[in-house]
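Note that ligands are numbered from 1 as they come in the structure, with each ligand's atoms numbered from 1 the same way. Treat the numbers as computed from the prediction; the structure is a model and nothing was measured.
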Amino acid sequence: MDIKSLTLDELKDEFKACGLPPFRAVQVYQWMHQKLAADFEEMTNLSKDMRQSLKNTYEYTCLKKVQMQESALDGTRKYLSALSDGNLVESVFMRYKHGNSVCISSQVGCKMGCRFCASTLDGWIRNLLPSEMLEQIYAIMRDTGERVSNVVVMGTGEPLDNYENFVRFVKLLTNEDGLHISQRNITVSTCGLVPQIRRLAQEKLQITLALSLHATTDEKRKALMPIANTYTLKEVLEACGYYYKQTGRRVTFEYSLVGGVNDTKEDAEELIAIAAKYAGHVNLIPVNPIKERDFKRGSRQEILAFKNKLEKNGINVTIRREMGRDIDGACGQLRRRVLHNDAE
Ligand code: SAH
């Protein structure tokens, strides 16, 4: 059993069944999720015998650092780590004025097939466990010695395609006996799985939902994102409206600007209408070209003009600040490069 994926209550029940008092569960939980112990041996207020018996009974998930690249431009760090079965995941550490942020992966690979995204090129391998999502943050905190205040689930994978593990991860990450990160400082990005967005709305969490919108009509969205064949734009937007209504949290619309594809005047006008109707914040992401696809980024001027048009119409809009452009910053690029170099 994977001990780091258990909630404190579950751990108390586990320990009770072995005749251990609840305070032992609290101690072990805090070692794992607050003091970020790398193994049972570090849990020095437990007896040697107890540490040994924990080791015999439970799986203790930890990641192994395979590679770390640090940006010379902004200090952003990209980590490539190995899971216990040898699969590789990417996570990113970013320093902002308001605190440190970590971007984590939710799956090994991805099955969503978005055209501009490197994470999906090699397909989907498996879901990550809650402990494997947490460990991406813990390992970075151990490595940098710095605190993390914001978490974005925007790395490789579709988090809502790994729904149960994702929600459990949020509960563990925000628990007061763990890192106790505020729900408001957690953002989950989805390509738009309608039933899961509605289910998430009912969890009444205070996390931010970001929808990968990327186009303003079904036809254009289908050309970029296969998921648009399953759910219409109308269905996805209504699910976002429902999320806002249930949680009081404004949705963010992510819009990767692809030169000559979705950055016309008409696109801007349609985007304004959508953002206004659903009271959403727009986050523009100048497309990060990957070598496997022929998508181009517009000029700085074109991107600014698009943004200004939205702003003039009263839309709350930001251009995603680019971090770590010199270190394979786009989703899935580093993992893919390492996988393919190894194979060659
Ligand atoms: N599966 C989730 C998380 C994906 S990554 C989702 O689909 O939302 C976070 C964002 O980066 C998504 O909006 C994704 O569409 C976008 N993205 C991925 N690759 C990109 C690239 N090369 N250039 C610009 N945006 C990209």
Side-chain angles (χ1 to χ4, degrees), residues 78 89-92 94 101-124 127-128 133 136 151-163 165-166 169 186-194 196-197 200 207-215 220-228 230-231 236 239-240 243 251-263 271 280-298 303 306 318-325 327-337:
K78 189 143 192 173
V89 288
E90 282 183 36
S91 338
V92 187
M94 292 160 285
S101 184
V102 169
C103 173
I104 65 153
S105 297
S106 56
Q107 297 179 318
V108 182
C110 185
K111 57 174 101 134
M112 295 300 143
C114 297
R115 298 275 304 149
F116 43 77
C117 183
S119 294
T120 201
L121 292 169
D122 291 308
W124 177 86
N127 284 332
L128 293 185
M133 293 186 242
Q136 292 176 59
V151 172
V152 296
V153 188
M154 289 192 184
T156 296
E158 168 49 49
L160 299 190
D161 185 43
N162 183 14
Y163 187 89
N165 288 346
F166 166 70
F169 156 79
I186 300 174
T187 298
V188 59
S189 177
T190 178
C191 63
L193 305 184
V194 169
Q196 286 92 324
I197 293 175
L200 189 66
I207 60 178
T208 301
L209 177 72
L211 173 73
S212 294
L213 182 64
H214 303 325
K220 281 187 275 185
R221 202 158 181 265
K222 280 179 195 170
L224 293 173
M225 308 171 72
I227 193 68
T230 309
Y231 305 110
V236 179
C240 290
Y243 187 87
V251 172
T252 296
F253 295 119
E254 294 170 278
Y255 196 92
S256 294
L257 273 172
V258 187
V261 172
N262 63 1
D263 64 347
L271 183 54
H281 170 98
V282 175
N283 193 214
L284 299 174
I285 316 172
V287 78
N288 211 333
I290 54 174
K291 68 174 190 306
E292 294 82 358
R293 298 266 190 266
D294 196 23
F295 289 126
K296 296 201 173 55
R297 158 187 300 224
I303 292 166
F306 195 94
T318 43
I319 298 180
R320 171 146 334 150
R321 206 179 119 207
E322 268 192 276
M323 311 280 278
R325 247 200 114 181
I327 52 163
D328 293 325
C331 304
Q333 276 185 336
L334 174 60
R335 171 171 171 268
R336 188 169 155 80
R337 190 168 55 72

- Message: So for ligand 1, is Phe116 a polar contact partner (N or O within less than 3.5 Å, distance only)?
- Response: yes

Honestly, for Glu254 the part within reach of ligand 1 (heavy atoms, under 4.0 Å) is side chain

- request: Go through the steps to decide whether Leu271 and Leu213 satisfy the test side-chain contact (heavy atoms from CB on, under 4.5 Å), and finish with yes or no.
  value: CA-CA 9 Å; Leu271 183 54; Leu213 182 64; 3.6 Å; yes

Within the 4.0 Å heavy-atom cut-off, what Leu211 brings close to ligand 1 is neither

Task: NZ/NE/NH1/NH2 to OD/OE distance under 4.0 Å, Lys78 and Glu90 - done: yes

ask   = Aromatic rings His214 and Phe116: how do their planes relate, parallel, tilted or perpendicular, breaks at 30° and 60°?
value = perpendicular

With heavy atoms and a 4.0 Å threshold, my read on which part of Ser256 contacts ligand 1 is side chain

_With respect to Pro159, determine whether any N or O atom, backbone or side chain, lies less than 3.5 Å from an N or O atom of ligand 1._
no

Do the side-chain N and O atoms of Glu158 and Ser106 include a donor-acceptor pair separated by under 3.5 angstrom? no

Quick one: does Arg320 get an N or O within less than 3.5 Å of an N or O on ligand 1?
-> no

Minimal heavy-atom distance between Ile227 and Gly192, with the atoms involved, is CG1-O, 4.2 Å

- request: May I ask whether Gly157 has any heavy atom positioned less than 4.0 angstrom from an atom of ligand 1?
  value: yes

So the atoms of ligand 1 within less than 4.0 Å of a heavy atom of Val287 turn out to be 23 (N), 24 (C)

Cut-off 3.5 Å, side chains only: do Thr190 and Gln196 have a donor facing an acceptor?
-> no

When rounded to the nearest 0.5 Å, the distance separating OG of Ser105 from CE of Met154 is 12.5 Å

Ranking Cys191, Cys117, Gly155 by closest non-hydrogen atom to atom 4 (C) of ligand 1, top hit is Gly155

Within 4.0 Å of some non-hydrogen atom of Thr190, the atoms of ligand 1 are 6 (C), 7 (O), 8 (O)

In ligand 1, the atoms that come under 4.0 Å of a heavy atom of Asn288 are 21 (C), 22 (N), 23 (N), 24 (C)

Closest to atom 15 (O) of ligand 1 (heavy atoms only, candidates Met154, His214, Met112) is His214

Practice prompt. Look only at the side chain of Thr120 and the backbone of Cys110, and say whether a donor-acceptor pair between them is shorter than 3.5 Å.
Written response: yes

